[in-house]
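In this text the structure is predicted, and so the values were computed from the model without any measurement. Lettering of chains follows the sequences in order, A, B, ..., and the numbering in each one begins at 1.
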Protein chains: 2
Amino acid sequence: MDNIVPGSFQLMKKINTGLIIDIIRLKGPISRAEIAKTLNLTPATVTNITAELINKNIIVESDLGQSTGGRKPILLKINAESYYIVSIHIGSTGIRTAILNMESKILDKITVKTRPETTYEEAIKIIKESVERLITQNEKVKGKLLGIGIAAHGIVDTEKGKIVFSPNYGWKDKDIRTDLERMFDVPAFLDRDVRAMALSESWYGAGKYVDQFISVKIGYGVGVALTNNKQQIRGYTDGFGEFGHTKIAFDGPLCSCGNRGCIETFSSEKAVERYAAELGIDADCMAVHELSLNGDERAITAINKASEYLGLAIANLINIFNPRLIVLGGDLIDINDYYFNGAVESAKKYALTDLYKVCEIKRAESKGDAIIKGAAVLVLENLFDNI
Amino acid sequence: MDNIVPGSFQLMKKINTGLIIDIIRLKGPISRAEIAKTLNLTPATVTNITAELINKNIIVESDLGQSTGGRKPILLKINAESYYIVSIHIGSTGIRTAILNMESKILDKITVKTRPETTYEEAIKIIKESVERLITQNEKVKGKLLGIGIAAHGIVDTEKGKIVFSPNYGWKDKDIRTDLERMFDVPAFLDRDVRAMALSESWYGAGKYVDQFISVKIGYGVGVALTNNKQQIRGYTDGFGEFGHTKIAFDGPLCSCGNRGCIETFSSEKAVERYAAELGIDADCMAVHELSLNGDERAITAINKASEYLGLAIANLINIFNPRLIVLGGDLIDINDYYFNGAVESAKKYALTDLYKVCEIKRAESKGDAIIKGAAVLVLENLFDNI
DNA sequence: GCTATGATTTATTAAATAAATTAACATTGA
DNA sequence: TCAATGTTAATTTATTTAATAAATCATAGC
């Protein structure tokens with residue numbers, strides 16, 4: 001309840017500027033007249049605000065639109081190449097680094113595999129080399145770097161920009177924001193992977209025109225995000241979404257959290273590997289996926305089993321949140337139909353009918369790139385919020 | 001994404017008016033100068049807005065405060081007796097009707113028992129007679145009725161003001177808002193019981209100074225509400241919070257929803273009755289409660305068992321939402337310590353430690369009156385939103 | 001009397017709306 | 001074919017709203 005922002009002229013302008021940027025992002029190229037109509041603003045106000053945005057290089061005038069019996073509309077769009085963003089995804093099996101433009105289009109990217117033993121210092125070195133190579137390979141980026149967006153799995157402290165705990169590598173309390181800001185001399189922003197995914201869907205994917213939706217990221221863990229009016233719901237200590245540790249059984253395999261019955265142990269990629277192992281397949285998740293594609297019955301059974309539980313977990317989300325949309329993301333979900341379809345079917349079975357039938361369940365639109373694009377949005381969000 | 005409200009002078013004023021009313025509600029009696037300081041508004045703005053509110057009879061000048069070396073501050077407070085509100089709670093075992101003032105203080109109330117066979121028409125008759133008696137008994141209310149707030153269990157359509165489905169009575173699609181508006185010729189507002197409870201806590205209880213909190217109402221069913229910046233999160237079709245039908249087991253007793261494993265079947269008052277029956281006690285929940293107070297071991301065991309599962313369910317909420325506060329309400333929670341304490345203990349056991357330790361779990365402050373007070377807030381909210 | 005605090009008044013300012021104006025077209029009819 | 005007319009888009013100018021800033025009035029303590 002601190003930081004009270006009362007109504008003021010600045011707030012008024014900020015609201016309208018935000019709305020105008022949003023509509024240009026979502027529906028651009030678009031004319032000033034149409035902006036005015038859809039936002040219930042006067043043409044004069046739109047002219048004034050767009051003039052400032054053009055001045056600040058955020059948007060540009062592009063082509064002329066079709067006339068419908070009068071002057072041709074001048075279409076406005078985001079100035080995609082005014083600045084560039086470096087985006088980093090620290091996943092459990094690799095670090096992906098990319099350069100994106102202002103529309104979060106990926107210009108170039110590098111993926112480096114990691115091992116569970118990879119230290120934080122090694123990871124920083126990987127990032128440094130990747131970014132330097134990307135900048136060298138893309139001349140036009142030089143001197144036009146707007147900022148760095150970082151998405152990491154595990155627990156992060158968004159405000160302080162620290163990785164609190166990274167389960168796959170065992171890193172604790174790493175001040176990655178400061179490290180990268182010093183390295184590249186631009187502002188950096190950190191959030192957890194599932195929230196980056198949610199942001200990407202909210203800005204560019206299925207969540208574009210939806211007030212409220214749920215994102216679920218299934219990897220070795222299972223995390224969720226709730227996006228409400230383009231805002232992430234964060235909880236009290238930034239810990240919203242530890243869905244993988246909610247219980248769907250009174251016993252079960254021991255979870256990393258020390259308890260039993262966690263969703264994570266029944267339905268994650270880790271669970272797929274366990275089920276496969278029980279059936280005699282000693283392989284990682286991607287290998288099980290390959291086998292399932294080749295018709296290996298044991299692999300299919302393992303994946304189906306995990307997807308059944310995942311569906312039950314999704315049903316729980318539907319019953320709690322009554323969402324209009326659930327977006328699923330993660331390596332296996334992205335590419336394996338047994339897993340995705342199985343989960344959807346199972347969700348139908350366990351959710352309340354009235355709530356299930358109004359809820360769309362989709363894959364993340366940009367699939368493997370969703371998180372990297374979302375990390376870029378972390379930077380854009382900050383820019384657009386502070387105009 | 002319709003109904004876009006751009007920044008405008010009206011919005012600016014509405015924001016500030018809302019902030020000022022809120023602060024007078026929360027911290028009143030309070031002087032204009034202090035309002036200005038806490039809200040970062042200029043004294044002149046506060047003078048202007050408070051003048052209008054005084055003019056509209058929403059607030060009044062009360063006593064003079066202590067001087068700290070200058071002119072004595074004129075304290076402002078809500079005009080508690082300017083209007084009155086009728087509040088109705090349709091619970092599973094009775095209908096409670098009350099008259100409240102503008103501070104949601106209950107002036108008078110009537111409770112009428114119901115049976116599962118009670119028809120909607122009978123219920124409306126009960127309400128009619130109760131309200132008429134309340135008005136007769138409280139002369140000053142005459143002609144000063146602001147509106148009617150209705151809280152009902154089951155599924156409601158807030159926008160249309162309809163009871164969609166009332167599981168305990170079997171009512172379907174009853175247009176209670178229209179019925180009551182015609183009967184008393186004032187506006188009526190409907191919401192589900194747990195949201196009324198959440199509103200009450202948000203305005204007058206533990207949620208007063210908290211940005212975000214969870215409310216859980218345990219009766220024959222289990223519902224939750226998420227309050228975010230004084231706003232209820234409603235989901236897509238107003239169905240947020242069907243927590244009682246989330247699964248915590250792969251089997252279990254058949255639930256009213258047609259599935260097995262629902263929280264409701266393990267931890268609600270209905271579950272307490274079932275566990276008691278299994279131990280040879282054939283009694284309703286309140287009777288089991290009485291027995292437990294008299295030291296009946298079987299009753300205590302039954303309650304403890306339900307509370308253990310309830311705690312697991314609460315742990316799931318903690319893991320998902322990372323709340324700062326969870327408010328528990330419902331007949332048995334209100335009065336039975338085995339149930340409440342057992343649930344808190346069990347939540348500690350099953351929740352992630354980092355998230356549990358920042359979360360307070362409390363009983364609803366106004367206990368049995370929480371819902372009736374919250375129903376009044378439905379009316380107040382509408383008034384304060386439309387000044 | 002002086003100084004500090006609370007509340008109000010008056011003047012100013014920011015940023016919206018309203019209305020008029022300019023720009024650039026399409027349509028129509030002689 | 002092209003001038004007249006009507007439309008739509010964008011901008012300019014005047015006005016309005018509701019904020020802030022600064023001065024003033026009202027009380028108080030010392």
Side-chain angles (χ1 to χ4, degrees), chain A residues 4-21 23-24 27-56 59-77 387, chain B residues 4-21 23-24 27-56 59-77 387:
Chain A
I4 295 174
V5 181
S8 62
F9 296 103
Q10 295 91 296
L11 180 69
M12 202 156 104
K13 193 165 185 184
K14 191 174 170 177
I15 290 172
N16 289 334
T17 305
L19 287 171
I20 288 176
I21 292 177
I23 213 151
I24 295 176
K27 303 196 178 172
I30 185 175
S31 71
R32 293 172 178 82
E34 206 176 332
I35 294 174
K37 256 178 248 160
T38 44
L39 292 184
N40 297 314
L41 285 167
T42 57
T45 300
V46 176
T47 293
N48 285 330
I49 291 179
T50 52
E52 276 185 56
L53 292 174
I54 289 171
N55 211 275
K56 283 177 180 156
I59 61 172
V60 281
E61 294 188 339
S62 63
D63 307 321
L64 295 182
Q66 274 306 308
S67 162
T68 55
R71 174 176 172 176
K72 278 184 182 167
I74 305 168
L75 302 182
L76 300 170
K77 62 176 184 182
I387 284 171
Chain B
I4 294 175
V5 181
S8 63
F9 298 101
Q10 296 90 295
L11 180 69
M12 200 157 105
K13 194 166 184 185
K14 191 174 171 178
I15 289 172
N16 289 333
T17 306
L19 286 171
I20 288 176
I21 292 177
I23 213 152
I24 294 176
K27 303 196 179 172
I30 185 175
S31 71
R32 292 172 176 83
E34 207 177 329
I35 294 174
K37 255 177 248 160
T38 43
L39 292 184
N40 298 315
L41 285 168
T42 57
T45 300
V46 176
T47 292
N48 285 331
I49 291 179
T50 52
E52 276 186 56
L53 291 175
I54 288 172
N55 210 274
K56 283 176 181 158
I59 60 172
V60 281
E61 294 189 340
S62 62
D63 307 321
L64 295 181
Q66 275 307 307
S67 162
T68 53
R71 175 175 172 177
K72 279 184 179 169
I74 305 167
L75 301 182
L76 299 170
K77 62 177 185 184
I387 285 173

* Rounded to the nearest angstrom, tell me the gap between atom CD1 in B:I74 and atom C1' in C:dT5. => 12 Å
* How about A:T50 and A:I59: do any of their side-chain heavy atoms sit closer than 4.5 Å? -> yes
* Whichever of A:E61 and A:P6 has its nearest DNA chain D nucleotide further upstream toward 5' -> A:E61
* Asked: Is the closest side-chain heavy-atom distance between B:E61 and B:L75 below 4.5 Å?
  -> no
* Given atom CG of A:L41 and atom C1' of D:dA9, what is their separation to the nearest angstrom? -> 16 Å
* To do: State whether B:R32 places a side-chain N or O below 4.0 Å from either non-bridging phosphate oxygen (OP1 or OP2) of C:dT8.
  => yes
* **N/O (side chain, A:N48) to phosphate O (OP1/OP2, D:dT11) under 4.0 Å** => no
* Asked: Under 4.0 Å between a side-chain N or O of B:T42 and OP1 or OP2 of D:dA19?
  -> no
* **Nearest-angstrom distance from the residue atom CG of A:L64 to P of D:dA9** => 13 Å
* Asked: Pick from A:L76, A:I35, A:L39: which one makes a side chain to side chain contact (heavy atoms under 4.5 Å, CB included) with A:V46?
  -> A:I35
* Asked: DNA chain D: A:V46 or B:K72, which has the more 5' nearest nucleotide?
  -> A:V46
* Please state how far atom CE in A:M12 lies from atom C1' in C:dT17, giving the value in whole angstrom units. => 10 Å
* To do: Taking only the side-chain heavy atoms of A:R71 (C-beta and beyond), determine which of D:dA19, C:dG6, C:dA24 contains the nearest atom.
  => C:dA24
* To the nearest 0.5 Å, what is the distance between CD1 (A:I74) and OG (A:S31)? -> 9.0 Å
* B:L76 CG to C:dT8 C1', straight-line distance once rounded to whole Å -> 14 Å
* To do: With the side chain counted from C-beta on, respond yes when A:I20 and A:T45 share a heavy-atom pair under 4.5 Å apart, and no when they do not.
  => no
* To do: Taking only the side-chain nitrogens and oxygens of B:T47, find out if one of them lies under 4.0 Å from OP1 or OP2 of C:dA7.
  => no
* Can you tell me how far C1' of D:dA18 sits from CZ of B:F9, to the nearest Å? -> 7 Å
* Structure fact -> Of C:dA15, C:dA16, C:dA7, the nucleotide closest to the side chain of B:S31 is C:dA7
* To do: Spell out, as yes or no, whether a donor-acceptor pair under 3.5 Å connects the side chain of A:N16 to the backbone of B:G7.
  => yes
* To do: When you get a sec, tell me which of D:dA10, C:dA16, D:dA19 is the closest nucleotide to the side chain of A:T45?
  => C:dA16
* Within the pair A:K37 and D:dA9, is there a side-chain N or O less than 4.0 Å away from OP1 or OP2? -> yes
* Structure fact -> Rounded to whole Å, CG of A:L11 lies from C1' of C:dT13 at a distance of 17 Å
* Asked: With sugar-phosphate meaning primed atoms plus P, OP1 and OP2, does B:P73 contact a base, only sugar-phosphate, or nothing at under 4.0 Å between heavy atoms?
  -> sugar-phosphate
* To do: Respond yes when some side-chain nitrogen or oxygen of B:S67 is under 4.0 Å from OP1 or OP2 of D:dA28, and no when none is.
  => no
* **Euclidean distance, atom CD of residue A:E52 to atom P of C:dA16 [Å, nearest integer]** => 9 Å
* Between A:N40 and A:G70, name the one whose nearest nucleotide on DNA chain C is closer to the 5' end. => A:N40
* **Closest nucleotide among D:dA9, D:dA21, C:dG6 to the B:A33 side chain** => C:dG6
